[in-house]
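What follows is a short report on a single structure.
Each chain gets a letter, A, B and so on, in the order the sequences are listed, and its residues count up from 1.
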Amino acid sequence: KQEVTQIPAALSVPEGENLVLNCSFTDSAIYNLQWFRQDPGKGLTSLLLIQSSQREQTSGRLNASLDKSSGRSTLYIAASQPGDSATYLCAGRKTSYDKVIFGPGTSLSVIP
Amino acid sequence: SAVISQKPSRDICQRGTSLTIQCQVDSQVTMMFWYRQQPGQSLTLIATANQGSEATYESGFVIDKFPISRPNLTFSTLTVSNMSPEDSSIYLCSVDGVNTEAFFGQGTRLTVV
(Lines give C-alpha, C1' and ligand atoms only; values in the text may rest on other atoms or scores of the structure.)
Protein backbone atom coordinates (compact mmCIF):
# COMPACT_ATOMS: atom_id res chain seq x y z
CA LYS A 1 0.00 0.00 0.00
CA GLN A 2 1.44 3.31 -1.09
CA GLU A 3 1.96 5.86 1.69
CA VAL A 4 3.17 9.40 1.19
CA THR A 5 4.83 11.55 3.84
CA GLN A 6 6.04 15.13 3.76
CA ILE A 7 8.70 16.91 5.76
CA PRO A 8 8.59 19.43 7.30
CA ALA A 9 4.96 19.77 8.37
CA ALA A 10 5.39 23.54 8.60
CA LEU A 11 8.03 25.99 7.49
CA SER A 12 8.51 29.71 8.03
CA VAL A 13 11.16 31.58 6.06
CA PRO A 14 12.03 35.21 5.35
CA GLU A 15 11.26 36.56 1.92
CA GLY A 16 13.94 35.89 -0.67
CA GLU A 17 15.17 32.59 0.71
CA ASN A 18 15.46 29.47 -1.39
CA LEU A 19 13.74 26.47 0.16
CA VAL A 20 13.18 22.76 -0.28
CA LEU A 21 10.09 20.75 0.54
CA ASN A 22 10.42 16.99 0.84
CA CYS A 23 8.09 14.18 -0.11
CA SER A 24 8.67 10.46 0.48
CA PHE A 25 6.71 7.49 -0.78
CA THR A 26 6.92 3.88 0.34
CA ASP A 27 6.38 2.09 -2.98
CA SER A 28 8.98 2.85 -5.64
CA ALA A 29 6.59 1.51 -8.30
CA ILE A 30 5.21 4.96 -8.90
CA TYR A 31 3.59 6.04 -12.16
CA ASN A 32 3.76 9.77 -11.59
CA LEU A 33 4.07 12.31 -8.82
CA GLN A 34 2.38 15.67 -8.66
CA TRP A 35 2.90 18.77 -6.53
CA PHE A 36 -0.04 20.98 -5.62
CA ARG A 37 -0.57 24.26 -3.89
CA GLN A 38 -3.59 24.87 -1.66
CA ASP A 39 -4.59 28.23 -0.26
CA PRO A 40 -6.66 28.20 2.97
CA GLY A 41 -10.17 26.89 2.42
CA LYS A 42 -9.63 26.56 -1.32
CA GLY A 43 -9.11 23.87 -3.92
CA LEU A 44 -5.83 22.54 -5.25
CA THR A 45 -3.72 24.10 -7.97
CA SER A 46 -1.45 21.76 -9.90
CA LEU A 47 2.13 23.02 -9.89
CA LEU A 48 4.23 20.29 -11.46
CA LEU A 49 3.74 16.74 -12.71
CA ILE A 50 6.67 14.34 -12.95
CA GLN A 51 6.26 11.10 -14.85
CA SER A 52 8.15 8.02 -13.64
CA SER A 53 10.50 8.26 -16.63
CA GLN A 54 11.47 11.84 -15.76
CA ARG A 55 13.94 13.12 -13.18
CA GLU A 56 12.71 16.67 -12.79
CA GLN A 57 10.34 19.34 -13.99
CA THR A 58 10.64 23.12 -13.84
CA SER A 59 8.12 25.92 -13.91
CA GLY A 60 9.33 29.44 -13.23
CA ARG A 61 10.83 29.54 -9.74
CA LEU A 62 9.73 25.99 -9.01
CA ASN A 63 11.72 22.84 -9.64
CA ALA A 64 10.57 19.37 -8.68
CA SER A 65 12.73 16.27 -8.75
CA LEU A 66 11.89 12.59 -8.55
CA ASP A 67 14.15 9.77 -7.37
CA LYS A 68 12.23 6.53 -7.60
CA SER A 69 15.03 4.38 -6.20
CA SER A 70 15.06 6.28 -2.92
CA GLY A 71 11.33 6.96 -2.90
CA ARG A 72 11.74 10.72 -2.73
CA SER A 73 10.66 13.88 -4.44
CA THR A 74 11.66 17.43 -3.63
CA LEU A 75 10.09 20.76 -4.52
CA TYR A 76 12.59 23.59 -4.72
CA ILE A 77 11.27 27.16 -4.53
CA ALA A 78 13.73 29.86 -5.49
CA ALA A 79 13.65 33.42 -4.16
CA SER A 80 10.53 32.88 -2.07
CA GLN A 81 7.85 35.57 -1.94
CA PRO A 82 5.00 36.24 0.53
CA GLY A 83 2.59 35.15 -2.20
CA ASP A 84 4.11 31.66 -2.01
CA SER A 85 2.57 31.22 1.44
CA ALA A 86 0.24 28.22 1.20
CA THR A 87 0.10 24.49 1.88
CA TYR A 88 2.04 22.34 -0.57
CA LEU A 89 0.86 18.79 -1.17
CA CYS A 90 2.58 16.01 -3.04
CA ALA A 91 0.61 13.12 -4.43
CA GLY A 92 1.50 9.97 -6.32
CA ARG A 93 -0.19 7.15 -8.11
CA LYS A 94 1.03 3.62 -8.73
CA THR A 95 -0.42 3.14 -12.20
CA SER A 96 -2.35 5.31 -14.64
CA TYR A 97 -5.65 3.90 -13.35
CA ASP A 98 -4.85 3.88 -9.64
CA LYS A 99 -6.17 6.47 -7.26
CA VAL A 100 -3.97 9.38 -6.24
CA ILE A 101 -2.45 9.11 -2.76
CA PHE A 102 -1.81 12.42 -1.02
CA GLY A 103 0.77 13.39 1.53
CA PRO A 104 -0.24 15.42 4.60
CA GLY A 105 1.20 18.64 3.20
CA THR A 106 3.76 21.27 4.21
CA SER A 107 2.41 24.60 5.42
CA LEU A 108 4.71 27.35 4.14
CA SER A 109 4.80 30.89 5.46
CA VAL A 110 7.04 33.46 3.76
CA ILE A 111 7.60 36.48 5.98
CA PRO A 112 7.99 39.88 4.27
CA SER B 1 -5.68 21.48 -18.56
CA ALA B 2 -9.25 21.02 -17.34
CA VAL B 3 -11.38 23.75 -15.83
CA ILE B 4 -13.68 22.55 -13.07
CA SER B 5 -16.49 24.56 -11.53
CA GLN B 6 -17.99 23.55 -8.21
CA LYS B 7 -21.16 24.83 -6.59
CA PRO B 8 -21.70 25.96 -3.93
CA SER B 9 -18.32 27.29 -2.86
CA ARG B 10 -19.38 27.19 0.76
CA ASP B 11 -22.46 26.48 2.87
CA ILE B 12 -23.56 26.28 6.46
CA CYS B 13 -26.13 23.55 7.03
CA GLN B 14 -28.24 22.26 9.89
CA ARG B 15 -27.56 18.79 11.18
CA GLY B 16 -29.86 16.15 9.77
CA THR B 17 -30.23 17.89 6.40
CA SER B 18 -28.59 17.05 3.06
CA LEU B 19 -26.48 19.11 0.68
CA THR B 20 -25.87 18.42 -2.99
CA ILE B 21 -22.61 19.65 -4.50
CA GLN B 22 -22.32 20.12 -8.23
CA CYS B 23 -19.21 19.68 -10.37
CA GLN B 24 -19.03 20.84 -13.99
CA VAL B 25 -16.01 20.18 -16.26
CA ASP B 26 -15.22 22.07 -19.45
CA SER B 27 -14.43 18.88 -21.38
CA GLN B 28 -15.70 15.33 -21.54
CA VAL B 29 -14.00 12.97 -19.10
CA THR B 30 -14.45 9.30 -18.35
CA MET B 31 -13.95 9.43 -14.61
CA MET B 32 -14.69 12.08 -12.01
CA PHE B 33 -13.40 11.83 -8.48
CA TRP B 34 -14.80 13.14 -5.20
CA TYR B 35 -12.53 13.88 -2.25
CA ARG B 36 -13.04 14.98 1.32
CA GLN B 37 -10.59 17.10 3.27
CA GLN B 38 -11.33 17.25 6.96
CA PRO B 39 -10.00 20.23 8.95
CA GLY B 40 -6.22 20.14 9.15
CA GLN B 41 -6.04 16.90 7.18
CA SER B 42 -5.02 15.86 3.71
CA LEU B 43 -7.35 14.64 1.00
CA THR B 44 -9.19 11.32 1.13
CA LEU B 45 -10.89 9.83 -1.90
CA ILE B 46 -14.60 9.24 -1.36
CA ALA B 47 -15.56 7.67 -4.67
CA THR B 48 -14.93 7.46 -8.41
CA ALA B 49 -17.85 8.29 -10.70
CA ASN B 50 -18.10 6.84 -14.22
CA GLN B 51 -20.83 7.93 -16.58
CA GLY B 52 -23.51 5.29 -16.98
CA SER B 53 -22.56 3.14 -14.01
CA GLU B 54 -22.68 3.14 -10.23
CA ALA B 55 -19.95 5.03 -8.45
CA THR B 56 -17.16 3.06 -6.83
CA TYR B 57 -16.75 3.92 -3.15
CA GLU B 58 -13.58 3.73 -1.08
CA SER B 59 -13.42 1.89 2.20
CA GLY B 60 -15.25 3.82 4.89
CA PHE B 61 -17.65 5.59 2.52
CA VAL B 62 -21.11 4.30 1.61
CA ILE B 63 -23.65 5.21 -1.04
CA ASP B 64 -26.42 5.92 1.45
CA LYS B 65 -24.34 8.66 3.05
CA PHE B 66 -22.69 10.01 -0.11
CA PRO B 67 -24.92 9.30 -3.13
CA ILE B 68 -23.34 10.35 -6.41
CA SER B 69 -24.88 11.03 -9.79
CA ARG B 70 -23.06 11.11 -13.13
CA PRO B 71 -25.64 11.88 -15.81
CA ASN B 72 -23.16 12.79 -18.57
CA LEU B 73 -19.47 13.12 -19.35
CA THR B 74 -19.09 16.68 -18.01
CA PHE B 75 -21.18 16.75 -14.84
CA SER B 76 -21.48 15.02 -11.48
CA THR B 77 -23.10 15.65 -8.12
CA LEU B 78 -22.20 14.49 -4.63
CA THR B 79 -24.81 14.58 -1.90
CA VAL B 80 -23.85 14.61 1.76
CA SER B 81 -26.86 13.07 3.50
CA ASN B 82 -28.19 13.33 7.06
CA MET B 83 -25.33 15.60 7.98
CA SER B 84 -23.64 15.81 11.36
CA PRO B 85 -20.91 18.20 12.55
CA GLU B 86 -18.35 15.49 11.71
CA ASP B 87 -19.19 16.05 8.04
CA SER B 88 -17.79 19.57 8.22
CA SER B 89 -15.03 19.46 5.58
CA ILE B 90 -13.95 20.71 2.22
CA TYR B 91 -15.34 18.54 -0.56
CA LEU B 92 -13.46 18.55 -3.85
CA CYS B 93 -14.15 17.33 -7.33
CA SER B 94 -11.27 16.17 -9.53
CA VAL B 95 -10.63 14.89 -13.04
CA ASP B 96 -7.58 13.59 -14.86
CA GLY B 97 -6.23 15.51 -17.79
CA VAL B 98 -3.56 14.61 -20.29
CA ASN B 99 -0.85 12.32 -18.87
CA THR B 100 -3.14 11.62 -15.88
CA GLU B 101 -2.42 15.03 -14.41
CA ALA B 102 -5.05 15.61 -11.73
CA PHE B 103 -7.07 18.82 -11.74
CA PHE B 104 -9.33 20.07 -8.98
CA GLY B 105 -12.27 22.35 -8.54
CA GLN B 106 -12.14 25.19 -6.03
CA GLY B 107 -13.85 23.04 -3.42
CA THR B 108 -17.00 23.31 -1.34
CA ARG B 109 -16.45 24.35 2.25
CA LEU B 110 -19.19 22.75 4.32
CA THR B 111 -19.95 23.62 7.93
CA VAL B 112 -22.60 21.62 9.77
CA VAL B 113 -24.10 23.21 12.87
**Message:** Can you tell me which portion of Y97(A) sits under 4.5 Å from chain B's heavy atoms? Options are side chain, backbone, both or neither.
**Reply:**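 Neither part.
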
**Message:** Does any backbone or side-chain atom of L89(A) lie under 4.5 Å from a heavy atom of chain B? Answer side chain, backbone, both or neither.
**Reply:**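 The answer is the side chain of L89(A).
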
**Item:** Pairwise distance OG(S52(A)) to CZ(R93(A)) - rounded to 0.5 angstrom
**Value:** 12.0 Å

**Request:** Flag the pair S24(A) / I7(A) as yes when at least one side-chain heavy-atom distance between them is below 4.5 Å, and no otherwise.
**Result:** no

**Request:** For residues T74(B) and Q24(B), determine if any side-chain heavy atom of one lies less than 4.5 Å from a side-chain heavy atom of the other.
**Result:** yes

**Fill in**
Sequence neighbours excluded, the answer for side chain to side chain contact (heavy atoms under 4.5 Å, CB included) partners of N82(B) is none

Within the 3.5 Å criterion, strictly below it, is a donor on [X] or [Y] matched to an acceptor on the partner's side chain?
X: Q6(B); Y: T108(B); value: yes
X: S84(B); Y: E86(B); value: yes
X: Q106(B); Y: S9(B); value: no

Can you tell me if [atom1] on [X] sees more than 12 non-hydrogen neighbours from other groups inside 6.0 Å?
X: R10(B); atom1: CZ; answer: no
X: E54(B); atom1: CD; answer: no
X: K68(A); atom1: NZ; answer: yes

**Request:** For chain A, find its close neighbours in residues 55-73 of chain B: heavy-atom separation under 4.5 Å, sorted by number, or none.
**Result:**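 Listed by number, the contacting residues are E58(B).
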
**Prompt:** Using non-hydrogen atoms and a limit below 4.5 Å, what part of residues 99-112 of chain A faces chain B?
**Reply:**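 Heavy-atom contacts from residues 99-112 of chain A to chain B are K99(A), V100(A), F102(A), G103(A), P104(A).
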
Side-chain donor-acceptor pairs under 3.5 Å in residues 29-38 of chain B, sequence neighbours left out?
from: W34(B); atom 1: NE1; to: S76(B); atom 2: OG; distance (Å): 3.0
from: Q37(B); atom 1: OE1; to: Q38(A); atom 2: NE2; distance (Å): 2.7
from: Q37(B); atom 1: NE2; to: Q38(A); atom 2: OE1; distance (Å): 2.9
from: Q37(B); atom 1: NE2; to: Q41(B); atom 2: O; distance (Å): 3.0

**Request:** Count the heavy-atom pairs under 4.5 Å between each of L92(B), N99(B), L45(B) and chain A, then report the option with the highest count.
**Result:**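 Max contact count across the listed options: N99(B).
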
**Message:** Heavy-atom pairs under 4.5 Å with chain A: which of S94(B), G107(B), G105(B), A102(B) has the most?
**Reply:**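 The candidate making the most pairs under 4.5 Å is A102(B).
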
**Prompt:** Is it the side chain or the backbone of L43(B) that comes within 4.5 Å of chain A heavy atoms, both, or neither?
**Reply:**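 Contact with chain A is through both the backbone and side chain of L43(B).
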
**Asked** Do F36(A) and L49(A) share a hydrophobic cluster, counting only Ile, Leu, Val, Met, Phe, Trp and Tyr and linking them when any side-chain heavy atoms are less than 4.5 Å apart?
**Response**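 No, because F36(A) and L49(A) fall into different hydrophobic clusters, even though each may have its own neighbours under 4.5 Å.
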
